[in-house]
Each structure stands twice: as C-alpha cells, then as structure tokens.
Amino acid sequence: MLKDENTRLRVLAEHDWLTGLYNRRAAEAHVDEALLKNGGGMLLVLDIDHFKQVNDRYGHLIGDALLCEAARTLRDIFFPRDIIGRVGGDEFIIYILGGCSQEAVDGRAAQLAERLRKAGRRYGMQWNLSFTLGLAEKQAGDDYISLFDRADQMLLARKKPAAPAVQTVRMPEENAASAQTWRSSGVSCGKKTRPKARSVRITRPSNRSTVLWSAASSAAGRAHILS
C-alpha cells in the first residue's frame, strides 16, 4: 500500500499535469542519465509556431487540447524507450536513444504535422498549425544543458526571418550624344564632364541559401528556405 502511494507520488512529481509527458526537471534528469550510457543519441527540440495566437483567438481550452494531441502523437511515433517531455508552454523535447537518421526525423515530423492539422480542423481553426524543429547529436562530454542549447540554437535560427541581400548596381553612363544635348540646351554638367552614373539598390535573395526543415501542418510538411 505504501509502495503504491510512493509510486503514485513519484509519477505526479515527474510528469506534466496536462499532457502526461515528463516535466522539465524529470526530462533533464532522464536525459542526463541516458547520456552516461554508451552509444549514440539525438535530442530534438520542438516548438509550436504562433501558439499564443491560438490561445488568444480560440481560448486556452482549445490550446490545451492541441498540446495533448501533440503529446499523444509524439508517444505514438517514437519508441517507448525514447525520452519525451514538455519543457515549456508549447515546447517539447525528444531524446532518441541510439540516434536517428534525418530521413526518419523528417518522416516523424510529417506525421506530427498531419495530426496537428487534423486536430486544428476539428476545433475550427482557420489556419494550419506549424512547428519548428531543432536537433543536436550527442557528443563526448555532453550533458542535457549543452545538448539542449545546440538544438535550441538551431530552432531559433530556423524561426528567424531571412534578411534579403541588397546589391548596389552601377547603371551605364549616359552616351556622348545625350551629354552634348544637355550642354546645348543650357544644362550644366560641371567641367565638361558627363552626368554621373546613377546607382540603384536591388533587393534579391542571396545566392547562399540553406534549406532548413520547419514542419508545417500538411501531409508532406514544408521546408523554409532561409538566406
């Protein structure tokens, strides 16, 4: 009887009250323990985009239901041995024991995106939920904090809007006939020099583009191209 009560209290202390996943403290402790074991590992950090707007427009009950749907999906698509936690309002972590290929991560992200899209439609949402994913592979000497920081920095970089490159282009000088016409009509060009070349600023995407995964709520997900 006492053992059962202690087990119940430990479960309550380790798990998020809403989703039933590990809470932040427990997730950190279990990942730290897993990092001490031999073999590879990968940490995923997942953040639902614009979640505050969901709560503001549709209410916190709908927001909570969507968080629970995300948690159920994560439990369904990852292995029982993997460590899954809710570490913030709309932020989740998944530690994959043994690591995972990029192709497998993309496939699971697409499954989550589809489930969130369907859940949003059920609750009358007028836009598709999306989420951004950062990841980091286990390295020698890692603890939870260092591993989480690398994955989180990737997530933040993927959320940051791309700044377009600005290029200055020199326009061709006016030809001699045009300059002569200006002089004969009384327009002064200085000391018998042709008009200065004009400069215009042309905004275009940079040649350096990296395709970064940001799963959208569609069957195939989507990729954001960030410059």
Side-chain angles (χ1 to χ4, degrees), residues 8 11-27 30-31 42-97 100-135 148 151-152 154-162 211-226:
R8 187 184 71 84
V11 169
L12 288 175
E14 287 192 341
H15 290 77
D16 172 50
W17 66 272
L18 177 64
T19 63
L21 301 177
Y22 284 128
N23 58 31
R24 183 172 185 169
R25 180 181 297 177
H30 283 285
V31 172
M42 177 183 288
L43 184 73
L44 310 181
V45 179
L46 183 153
D47 182 274
I48 299 178
D49 300 326
H50 312 299
F51 193 72
K52 184 179 183 301
Q53 296 178 19
V54 175
N55 284 331
D56 290 346
R57 182 166 181 176
Y58 297 100
H60 287 80
L61 290 179
I62 298 298
D64 287 352
L66 292 170
L67 291 174
C68 289
E69 180 64 27
R72 282 192 295 271
T73 303
L74 291 175
R75 281 194 293 261
D76 288 345
I77 64 180
F78 288 95
F79 293 111
R81 68 172 184 266
D82 295 331
I83 300 166
I84 307 173
R86 180 185 176 214
V87 297
D90 58 358
E91 190 170 42
F92 300 84
I93 65 101
I94 307 97
Y95 182 73
I96 305 173
L97 290 163
C100 191
S101 70
Q102 184 65 53
E103 183 179 3
V105 171
D106 291 348
R108 290 170 181 177
Q111 291 180 59
L112 176 60
E114 177 65 10
R115 289 272 289 267
L116 286 179
R117 184 190 67 80
K118 290 180 178 178
R121 287 289 181 261
R122 283 201 308 272
Y123 295 115
M125 288 187 59
Q126 297 179 3
W127 74 83
N128 287 335
L129 282 179
S130 64
F131 59 87
T132 305
L133 192 66
L135 57 88
F148 178 88
D152 194 46
M154 177 183 287
L155 184 150
L156 293 174
R158 291 177 174 182
K159 276 184 173 289
K160 190 178 298 184
V211 177
L212 298 176
W213 170 259
S214 176
S217 290
S218 62
R222 74 181 177 196
H224 282 166
I225 298 180
L226 304 184

Between [atom1] on residue [X] and [atom2] on residue [Y], distance to nearest 0.5 Å:
X	Y	atom1	atom2	value
H50	K159	NE2	NZ	6.5 Å
D49	T132	CG	OG1	3.5 Å
L18	N23	CG	CG	12.5 Å
S130	D47	OG	CG	9.5 Å
R25	D16	CZ	CG	13.5 Å

Given side chains that start at C-beta, do those of [X] and [Y] come closer than 4.5 Å, heavy atoms only?
X	Y	answer
L44	R108	no
M42	Y95	no
F51	L67	yes
V31	I93	yes
V54	I48	no

Between side-chain atoms of residues 120-127 and protein atoms elsewhere (two or more places apart, or another chain), which donor-acceptor pairs fall under 3.5 Å?
unit_1, atom_1, unit_2, atom_2, d
R121, NH1, M125, O, 3.1
R121, NH2, N128, OD1, 3.0
Q126, OE1, R57, NH2, 2.9

D76 to R115 - nearest heavy-atom pair and separation: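 Looking at all heavy atoms of both residues, the closest pair is OD2-NH2, 3.2 Å.
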Nearest heavy-atom neighbours spanning A27 and I83: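 Looking at all heavy atoms of both residues, the closest pair is O-CG2, 4.4 Å.
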Which residues satisfy the ring-ring contact (aromatic ring centres under 6.0 Å, His included) test with F148, sequence neighbours excluded?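 Only Y144 meet the ring-ring contact (aromatic ring centres under 6.0 Å, His included) criterion with F148.
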So that I can tick it off, tell me whether D90 and K52 are bridged by a salt bridge, with the cut-off set at under 4.0 angstrom between side-chain N and carboxylate O.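 No salt bridge links K52 with D90.
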